[in-house]
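Residue numbers start at 1 and run along the sequence shown. The shown structure was predicted, so the numbers you read here are calculated from the model rather than taken from an experiment. Atoms considered below: every heavy atom in the structure, side chains included; atoms not considered: hydrogens, waters and symmetry mates. In each ligand, atom 1 is the first atom listed, and ligand 1 is the first ligand listed.
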Amino acid sequence: MAQLTRVSGSVGLITLQNPPVNALSAAVRQGIVDTVKKAVSDPLVKCVVICGQNGVFCGGADIREFGAPMTGPPLVPMIHAIEATNKPVVAAIEGAALGGGLELALGCHYRIIHSKARVGLPEVTLGLLPAAGGSQRLPRLIGVPAALELITTGRHVSAAEALKLGIVDQVTDDNTVDTTVKFALSVVGRSLESRRISTFPCPPVSDLDAVFDVAMQRVRQSARGAIAPVTCVQAVRAAATLPYTQGMKREQELMATLFTSGQARALQYCFFAQRAVSRWSMPSGARWDTSKPRPISKAAVIGLGTMGRGIAVALAQAGLSVVAVETQEKQLMDAKQAVSGMLERGAKRRGVAPALGLVSYSHNIQAVAEADLVIEAVFEDMDLKKKVFQQLSAVCKPGTLLCTNTSSLDVDHLASQTPSPELVVGMHFFAPAHVMKLLEVVYGPRSSPQAVATAMQLGKKMGKVSVAVGNCRGFVGNRMLKPYMEQAFFLLEEGATPELVDQALEEFGFAMGVFRMSDLSGLDVGWRVRKADGLVDPDATSGRSARIRQGRRYSPLGDLLCEQGRFGQKAGRGWYQYDKPGSRVAKPDPWLHNFLEQYRARHGLGVRHIDHQEVLERCLYALINEGFRILEDGIAAGPEDIDAIYVFGYGWPRYRGGPMFYAGMVGLANVLERLEHFHQVHPDVPYLQPCSLLRRLVASGSPPIQKWREVIRKVHSQL
Ligand SMILES: CCCCCCCC(=O)CC(=O)SCCNC(=O)CCNC(=O)[C@H](O)C(C)(C)COP(=O)(O)OP(=O)(O)OC[C@H]1O[C@@H](n2cnc3c(N)ncnc32)[C@H](O)[C@@H]1OP(=O)(O)O
Ligand SMILES: NC(=O)C1=CN([C@@H]2O[C@H](COP(=O)(O)OP(=O)(O)OC[C@H]3O[C@@H](n4cnc5c(N)ncnc54)[C@H](O)[C@@H]3O)[C@@H](O)[C@H]2O)C=CC1
């Protein structure tokens, strides 16, 4: 809806009304069309101000309407009608003017913005382009290079930057609507000829082809398979090279190719999934809206290795005071330097003062006595962690939340070491912890809803996408990763190379394939876990026992590499070779190819031709099948939780929506059929057996992902 009122005698004030962000739904567009017409034809109205209710101008087109056939008046003629009026129309921007919201403001003759508001054209992040004239008006207003950058990245711009770029005419710290009303009255009677952006020529660029070539190269490199950024470049090129009307035609044509694309659907799903995970629930019935978080102002981190340092930085950057405890003197000194450096670099990037004073250091665990919440990040060793938790229980004040950053150990077992297991949760960060967006908040059967709510809220404060998950081996992300990686090892045994597997996965859109990723994080990490699980047996060198452990197929390839000291990048060799230890450029290694040949010969393994399709199906469907098991077990509440974890923590290409969304896109029946086939061929790999939830979904007609929770609820109610 939009409401027209007359203020200050002769100002027609149009207020967009569609909480929470005044998205341009069909009703809002109709409201704008009607109120603009009314204001223009009212002789008492001399000028018009457009604003949004509740402190937000407009969050853009209503994304929820994208899946359905378009109803209501289209945006483009609506914005043209505003631009064409003979009465000045001024946008009063509070909160945000994004996407269609900014395009609406660009159709106005002037724009006044509150100093705390932001603007942007984030359509590219939804798989679209600004197709309500944004791709044609913005370059005309601020020039091609700046518009290209904003449109291809979707970056939000502060009020100050918007003024500097020339997107807005004035910034105010006062009441935006009052200021805009006064401003509108002050421009009544002035010619509007020079205020209609669509009539502007695009500012000339000296070497147009070079500018667009560089932009195209940049988006192709960073977008890795995403089509919207490429299309955005093409749309801006149309603005730079064609008259406005033809440019608009091109904008519409390009948008038509994107609007119904699978990538746009996936990205829009991700937008809502990211928000859905904050509405968490636990199998006990505890929920986000009935569980009150506890205020946290003082936090502590125990163990200042790779993870502890990043966690301390993330906490301090969120404004908390942090006590950082490390027992090794040298580590403590190094950590102090590293944490200060990270805080300084982060502050420089964000243009704020570094929060150095918020972090204090100690080698004594007693220093955490006053903390409201402690995050333990010592070595991955159950006995050590148990000891630390017992110490914390003795040292901390009553009610302190005790969190562990363990990546694989049993959170509930750790909780049982304390007199208050309800205060224990996992806070599983991802490396580097101050950069990576994902946080798995792991609850055990005894974790209190308040503890979960507090960890979830703290994650949000740190700018993380926090996902509440149940306690099981590997939680959600690492549990699904295990079959994925194992399939990659099996493919090497059957004839593939690390390069082939990685290429297939990187072409799919992963930032790194399995083997490059394994080299980066260190092969010894998994080796230690497999040893602890009793899977590593250096004596089993040939025969069936070498490749069957604990009754199922096992590939000792990773163990054999570790025995040779090939721990990955840090050793200068792993699945690839590197110029020197620590170097990042992975090169194919003839030694490894030779080693694989000998290995296959020793085990009598025939070499098959393996293509990219098989790599994708074997690795991804094994991972997806585990995802269905996780849903069936109630470890994740819904497919959105799993997808958010994979998109924000594991480099799953966002434009493919996440593994569960992807399964829906390729067809659940198809996934089921391929898993059945692979399980038949590899009966000694139990996890290839299709999960019963997957069968159930297929049997119920493969409903859209939004309906899976109903099927899952039925499965749970029958257990
Ligand atoms: C051939 C066809 C031609 C079609 C032409 C169309 C061309 C276009 O021009 C296309 C577009 O506009 S696409 C939309 C572009 N706008 C955006 O991407 C902004 C999205 N929103 C935000 O960034 C933040 O919500 C924002 C910064 C606004 C607010 O952040 P907060 O952190 O305060 O709040 P959130 O938790 O993010 O959001 C609150 C609730 O609002 C929902 N929502 C936000 N933006 C929406 C939008 N644009 N449409 C529909 N719902 C929207 C959001 O989902 C959340 O609700 P819940 O999910 O229920 O929690
Ligand atoms: N490295 C990674 O990518 C990830 C690791 N994790 C988990 O985070 C935890 C820490 O891992 P990293 O940081 O990689 O280990 P790390 O080996 O880099 O650091 C551990 C630190 O804890 C210190 N420490 C040991 N005992 C201590 C004690 N009693 N009191 C205080 N400090 C003590 C050590 O001196 C060392 O500096 C582990 O549980 C690991 O599984 C979780 C996610 C990712």
4.0 Å protein heavy-atom contact status of [atom], strictly under:
| atom | result |
| --- | --- |
| atom 34 (O) of ligand 1 | no |
| atom 18 (O) of ligand 1 | yes |
| atom 31 (P) of ligand 1 | no |

Do [X] and [Y] make the cut of ring centroids closer than 6.0 angstrom?
| X | Y | answer |
| --- | --- | --- |
| Tyr650 | Phe430 | yes |
| His363 | Tyr361 | no |
| Phe66 | Phe259 | yes |
| His80 | Tyr244 | yes |

Numbering as shown, the atoms of ligand 1 that approach [X] to under 4.0 Å (heavy-atom distance):
| X | result |
| --- | --- |
| Glu123 | 8 (C), 9 (O), 10 (C), 11 (C), 12 (O), 13 (S) |
| Gly99 | 9 (O), 12 (O), 15 (C) |
| Arg64 | 54 (O), 56 (O), 57 (P), 58 (O), 59 (O) |
| Leu98 | 19 (C), 23 (O), 27 (C), 28 (C) |
| Asp62 | 49 (N), 50 (C) |
| Gly100 | 9 (O), 11 (C), 12 (O) |
| Ile63 | 47 (C), 48 (N), 49 (N), 50 (C) |
| Phe272 | 54 (O) |

Arg479 to Phe475 six-membered ring, cation-pi geometry met (6.0 Å, 45°): no
Using heavy-atom distances only, which candidate in Glu251, Lys460, Met255, Glu103 approaches atom 4 (C) of ligand 1 most closely? Met255
Using heavy-atom distances, let me know which of Ala61, Gly60, Pro130, Pro20 sits nearest atom 47 (C) of ligand 1. Ala61
For ligand 1, is Arg118 a contact, meaning one of its heavy atoms is under 4.0 Å away? yes
Taking the non-hydrogen atoms of Arg279, is any one of them nearer than 4.0 angstrom to ligand 1? yes
Write 'none' if nothing qualifies; otherwise put on separate lines each N/O atom of ligand 2 with a protein N/O atom under 3.5 Å away and their distance to 0.1 Å.
from: ligand 2; atom 1: 8 (O); to: Asn405; atom 2: ND2; distance (Å): 2.9
from: ligand 2; atom 1: 13 (O); to: Thr306; atom 2: N; distance (Å): 3.3
from: ligand 2; atom 1: 13 (O); to: Met307; atom 2: N; distance (Å): 2.8
from: ligand 2; atom 1: 18 (O); to: Thr306; atom 2: N; distance (Å): 3.0
from: ligand 2; atom 1: 18 (O); to: Thr306; atom 2: OG1; distance (Å): 3.2
from: ligand 2; atom 1: 35 (O); to: Glu326; atom 2: OE2; distance (Å): 2.5
from: ligand 2; atom 1: 37 (O); to: Glu326; atom 2: OE1; distance (Å): 2.7
from: ligand 2; atom 1: 37 (O); to: Glu326; atom 2: OE2; distance (Å): 3.4
from: ligand 2; atom 1: 37 (O); to: Gln331; atom 2: NE2; distance (Å): 2.6
from: ligand 2; atom 1: 39 (O); to: Val378; atom 2: O; distance (Å): 3.4
from: ligand 2; atom 1: 39 (O); to: Glu380; atom 2: OE1; distance (Å): 2.5
from: ligand 2; atom 1: 39 (O); to: Lys385; atom 2: NZ; distance (Å): 2.6
from: ligand 2; atom 1: 41 (O); to: Glu380; atom 2: OE1; distance (Å): 2.8
from: ligand 2; atom 1: 41 (O); to: Ser407; atom 2: OG; distance (Å): 2.8

Fit a plane to each ring of Phe567 and Trp527, take the angle between them on a 0 to 90° scale, and name the class: parallel (under 30°), tilted (30 to 60°) or perpendicular (over 60°). tilted
Closest protein heavy atom (residue, atom, distance) for [atom]:
| atom | value |
| --- | --- |
| atom 14 (C) of ligand 1 | Leu126 CD1, 3.7 Å |
| atom 45 (N) of ligand 1 | Val21 CG2, 3.5 Å |
| atom 21 (N) of ligand 1 | Phe271 CZ, 3.6 Å |

Examine the side chains of [X] and [Y] and answer whether a donor and an acceptor come within less than 3.5 Å of each other.
| X | Y | answer |
| --- | --- | --- |
| Arg309 | Gln337 | no |
| Ser198 | Glu83 | yes |
| Ser518 | Trp575 | yes |
| Thr406 | Glu380 | yes |
| Gln53 | Thr15 | no |

Taking the basic N atoms (NZ, or NE/NH1/NH2) and the acidic carboxylate oxygens, is any pair closer than 4.0 Å for [X] and [Y]?
| X | Y | answer |
| --- | --- | --- |
| Lys570 | Asp524 | yes |
| Lys386 | Asp381 | no |
| Glu65 | Arg29 | yes |

May I ask you to check whether Arg275 has an N/O atom sitting below 3.5 Å from an N/O atom of ligand 1? yes
Nitrogen or oxygen atoms of Gly59 and ligand 1 under 3.5 Å apart: yes
Show, in sequence, the C-alpha distance, side-chain angles and deciding distance for Asp533 and Lys482, and conclude whether the salt bridge (Lys or Arg N to Asp or Glu O under 4.0 Å) test is met. CA-CA 14 Å; Asp533 287 347; Lys482 192 167 175 258; over 6 Å; no
Looking at residues at least two apart in the chain, or sitting in another chain, which of them share a side-chain hydrogen bond (donor to acceptor under 3.5 Å, both in side chains) with Lys464? none
